[in-house]
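Notes follow once the structure below has been shown.
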2 protein chains.
Amino acid sequence: MTQRMNTEARREQIASAALDVLAERGSEGFNIADLAERVGLVPSAVYRHFEGREDVLDAALDLFRDRVYRLVDAVRSEAENPLMALELLLTRHAKLIESGGAAPHIMASMNVPGGRAARRSKREKIFMGYVARVEAVIRDGQESGQVRSDVDPATAALLFAGMIQPAALLRHSEGERFDITAHVARVWDLFRRAVARD
Amino acid sequence: MTQRMNTEARREQIASAALDVLAERGSEGFNIADLAERVGLVPSAVYRHFEGREDVLDAALDLFRDRVYRLVDAVRSEAENPLMALELLLTRHAKLIESGGAAPHIMASMNVPGGRAARRSKREKIFMGYVARVEAVIRDGQESGQVRSDVDPATAALLFAGMIQPAALLRHSEGERFDITAHVARVWDLFRRAVARD
DNA sequence: TTATGATGTGAATATAGATTCACTTGAGGA
DNA sequence: TCCTCAAGTGAATCTATATTCACATCATAA
């Protein structure tokens, strides 16, 4: 039999694996059998720790939210100033995309309708929460004088979010051929010119 | 019985309805029963005109591609200059989003993994084709001197695509509260500043 | 007007995947 | 050491959809 685990640890492990599946196949291709196999369990064992499929997806989204929000908070405190925080955030996203990490793909799949109403609403909240955090960084930038005061922070935040999604797609589609680091550097120049003072 | 139609007309009608369903529910929630009901048919009748579910989705994507590409070609010939063409394109997308039209949502769902490999690859091709067309407009802009020559057209095209998707999500999530026309005007200012000469 | 093929229908059938359940097993406290 | 319960298993179910099929009906061309 598989190594036993207490349910708290197992839940986290399963939620994390669920995030991976979501990144690779999207919620359409997400199924319990796959998920169970990844953590070395039999499908029915998943039900020891979760109510059902929706519950697993819910937990995966919670985990995703925590990771992404933490990422924004991290760059905010690490970077010297707001613009550098955004640049660092963009770079981190690129690295996650490059490593096949879950986050960016989920972010992309976030935009899609479908799924139970409750789950969709949750995805939307997460996305909006992310945008709100980026928006806060931009406001900081305005206060410190780095960002033009005639820029609408919410609009700029949305544009920032929009830089990441297409990159994730191209990486997925073109694979190695697409140099995401170089792309991110170029698109950052554009963004900077759009929002920075001067 | 339902009004009869020859299979060519019926195929188009079904593909168009499929696009609507896709826009509302995503490919996850897409099912033959729903689709059939929309065109006033019984599920099994769909199989008179399509091989099966995948075939319908394939036709819907073809239709989507034609519509979107035509949209880009249209603004290109209607507008006086490349930058105005892009602005018009953005406005048209906004209108489609506002009217609940299919295109933008599908564009969003385009980024999601999942679905049969063949279908995913098709989605990716369509997206890249769209970006390539926008890229061509930007190159025009560089030749006419409207767009800075140090802007990488492919990068700018991707950024342009990135302006649309988050807007579609917010419209979907916030509904009436989100004034998409105003948003698009603001984000266009940012984009213009990033790429326009001066 | 009638024969024929294309469309449409409703009732099966097929299948994938989620979920349940009775049973097993291992780890930790009495 | 032995008990007990949480965690794991495999074999059923259950369910939602896709898909097939035999039959009905309309349009039209001879």
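Naming: A, B, ... by sequence-line order, numbering from 1 per chain.
Rounding to whole angstrom units, CZ of residue B:R11 and P of C:dT7 are separated by 12 Å. Counting to the nearest Å, the P atom of C:dA18 and the CD1 atom of A:I14 are 14 Å from each other. Put simply, CG on A:L41 is 18 Å from P on D:dA6, counting in whole angstrom units. Separating the CZ atom of B:R25 from the P atom of D:dA16 is a distance of 15 Å, rounded to the nearest angstrom. Atom CG in B:N31 sits about 16 Å away from atom P in C:dG17, given to the nearest Å. Counting to the nearest Å, the C1' atom of C:dG17 and the CD atom of A:E28 are 14 Å from each other. When rounded to the nearest whole Å, the span between CG of B:N6 and C1' of D:dT28 equals 13 Å. One atom, CD of A:E37, and another, P of D:dT9, lie 12 Å apart when rounded to the nearest Å.
How far CD1 of A:I138 is from CZ of A:R133: 14.5 Å, rounded to the nearest 0.5 Å.
For B:H49, no side-chain nitrogen or oxygen approaches OP1 or OP2 of C:dA6 to under 4.0 Å. In terms of phosphate contacts, A:R4 brings no side-chain nitrogen or oxygen within less than 4.0 Å of OP1 or OP2 of C:dA27. Phosphate contact (OP1/OP2 of C:dA6, side-chain N/O of B:R10, threshold under 4.0 Å): absent.
Applying the 3.5 Å distance criterion, the base of D:dA6 shares no donor-acceptor pair with the side chain of A:R48. Taking only distance into account, the side chain of B:T2 never meets the base of C:dG8 through a donor-acceptor pair shorter than 3.5 Å.
Under the 30°/60° scheme for interplanar angles, the aromatic rings of B:H183 and B:F178 are found to be tilted.
The shortest non-hydrogen separation linking A:R148 to A:A196 is CG-O, 3.2 Å. Residues B:T2 and B:G40 share a closest heavy-atom pair of OG1-O, 2.7 Å.
Within 4.0 Å (heavy atoms only), A:F50 reaches no atom of the nucleic acid at all. At the heavy-atom level, A:E51 lies nowhere under 4.0 Å from the strands shown.
Two rings, from B:Y130 and B:Y69, have their centers 6.0 Å or more apart.
Comparing B:S44 and B:E8 against DNA chain C, the residue whose closest nucleotide sits nearer the 5' end is B:E8. Each of A:T7 and B:P43 lies near DNA chain D, and the nucleotide nearest A:T7 is the one positioned closer to the 5' end.
Closest to the side chain of B:R53, out of C:dA18, D:dA18, D:dG10, is D:dA18. Of the candidate nucleotides D:dG8, C:dG8, C:dT19, C:dG8 has the atom lying nearest to any side-chain atom of B:M5. With distances taken from any side-chain atom of B:I32 to the nucleotides C:dT20, D:dA18, D:dT20, the minimum falls on D:dA18.
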